[in-house]
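Owing to the predicted nature of the structure, the values given are computational and were not obtained by experimental measurement.
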Amino acid sequence: MAWIKKPNVAMFKVANWNTLIKRVPNCSPEQAKRIALKNPDISFFFFCREYMVLETLGDKGIFNPGDAVFFSGEPWYGSAPQCDSYEKTGMSVVYVSIDKLQTPGCYTMADGSAAVDVVCLFSANINKKPFPQGQVELAPKTQVPAGYPYIVGTSDYAALTAADIQKLQNKGITVLLSVLNNHDGTGWSEFPDEATAINFAQQLKEVVDRIGLDGIDIDDEYSDNPEPNPSSLVTVTTKMQEIMPDKIISKALWDDLAYFTPKYQNRTLADNLTYGWEMGYGGEPKDRLPVYTTFGMAKNTLVCGFWSGQPSHTSSPSQDVSWLKENGYEGVMVYAFQQQSNIDLLGDLVNDWNGAGNWNKTPNCP
């Protein structure tokens, strides 16, 4: 639901172009939506269907078909029959199991665009050897020293291909792999040193590159280690950002404020996260999100989580949506999208955010 299309307009030629962030050639609108979500500061872009010249900009005012031009701030449009503009209105995020990976792509807004913006595939795991039954390493080409943790998953995860991911991406949907601790002594908060964090980041990069993911989602639950390393998360996310600078790093936010204080290479965890989705399901957003802004996260990087298993504190989540929009937060997340109750829940949230008629299922879609 992130993008509202404004046909036949582009940034006005005499507007303040200092808000320009970047320009990407050979694009499609769907690719441009995914590019834009990688930078929370991008608030709108225009996409050229035809050749266009804005003479006041000199050589920089020549635009070719397939150019996408990204901006922060507020748009000032001028008539441009060669282009369409897209304004960011909010984000919808889902966690979904691998057997229902394509289901989020079945739902559309009133204009036919994807109603789900981000899919977090839930989940791969972190384990040391010996792996739990049924788990296999997902980055077999990365050498892992003895005693180090691995990214692992079931055979379904090992069999994932770029084509599987592209089916969603071709609809403008960003696809992340969620990686969850798995009931042993290792996990996101348990990397003991820089070398371990670097090796795990390298494993993640192998997986991301092999199947063309848009990034990694961090779910730091279910480790059996009673003594986590407070600097682990900032270290590993710094290394992830170094070797995957164009990828999203998101985090399921819960019981983690202690990890936002440590620094590594003069960076904090908030500096490294592209987005965070808070999962204190059922509680009021005003009690869940603002605290993260005090630790350095911007409102436009924070999303409020919902789950039918712990319903909203109100009879309808519409009050929560109103509060999120009025206070400048980025959007909504729904857990366990493979369940019909959560599909229906996100439909209510999307319609509350954008108006009735913006949650529609494509016929004969899984």
Polar side chain donor-acceptor pair, [X] to [Y], under 3.5 angstrom:
{"X": "Thr142", "Y": "Glu206", "answer": "yes"}
{"X": "Ser97", "Y": "Asp99", "answer": "yes"}
{"X": "Asp217", "Y": "Tyr95", "answer": "yes"}
{"X": "Asn125", "Y": "Gln135", "answer": "yes"}
{"X": "Thr161", "Y": "Asp164", "answer": "yes"}
{"X": "Thr238", "Y": "Asn272", "answer": "yes"}
{"X": "Asn199", "Y": "Thr196", "answer": "no"}

Basic-acidic side-chain contact under 4.0 Å: [X], [Y]:
{"X": "Lys13", "Y": "Glu55", "answer": "yes"}
{"X": "Asp256", "Y": "Lys251", "answer": "yes"}
{"X": "Asp67", "Y": "Arg23", "answer": "yes"}

Tell me, which pairs form a disulfide (SG to SG under 2.5 Å) where one or both residues lie in residues 127-179, sequence neighbours left out? none
Give a yes or no on whether [X] and [Y] share a hydrophobic cluster (residues Ile, Leu, Val, Met, Phe, Trp, Tyr; joining criterion: side-chain heavy atoms under 4.5 Å apart).
{"X": "Met52", "Y": "Tyr86", "value": "no"}
{"X": "Val208", "Y": "Leu177", "value": "yes"}
{"X": "Tyr281", "Y": "Leu257", "value": "no"}
{"X": "Tyr264", "Y": "Ile249", "value": "no"}

So [Y] and [X], do their side chains get closer than 4.5 Å, heavy atoms only?
{"X": "Val179", "Y": "Trp188", "result": "yes"}
{"X": "Thr103", "Y": "Ile343", "result": "yes"}
{"X": "Met11", "Y": "Trp17", "result": "yes"}

Check disulfide bond (SG atoms under 2.5 Å apart) between Cys106 and all other residues, then give those that pass, not counting sequence neighbours. Cys365
Do you know which of Ile216, Thr235, Ile198 makes side chain to side chain contact (heavy atoms under 4.5 Å, CB included) with Met240? Ile216
Side-chain donor/acceptor of Arg210 to backbone N/O of Lys205, under 3.5 Å: no
Please identify which of these residues, Trp277, Tyr275, Tyr259, Phe260, meets the ring pair (Phe, Tyr, Trp, His ring centres under 6.0 Å) condition with Tyr292. Phe260
Do the rings of Phe45 and Trp3 sit parallel, tilted or perpendicular, given the 30° and 60° boundaries? perpendicular
What distance do Glu30 atom CD and Gln169 atom CD have between them, rounded to the nearest 0.5 Å? 12.0 Å
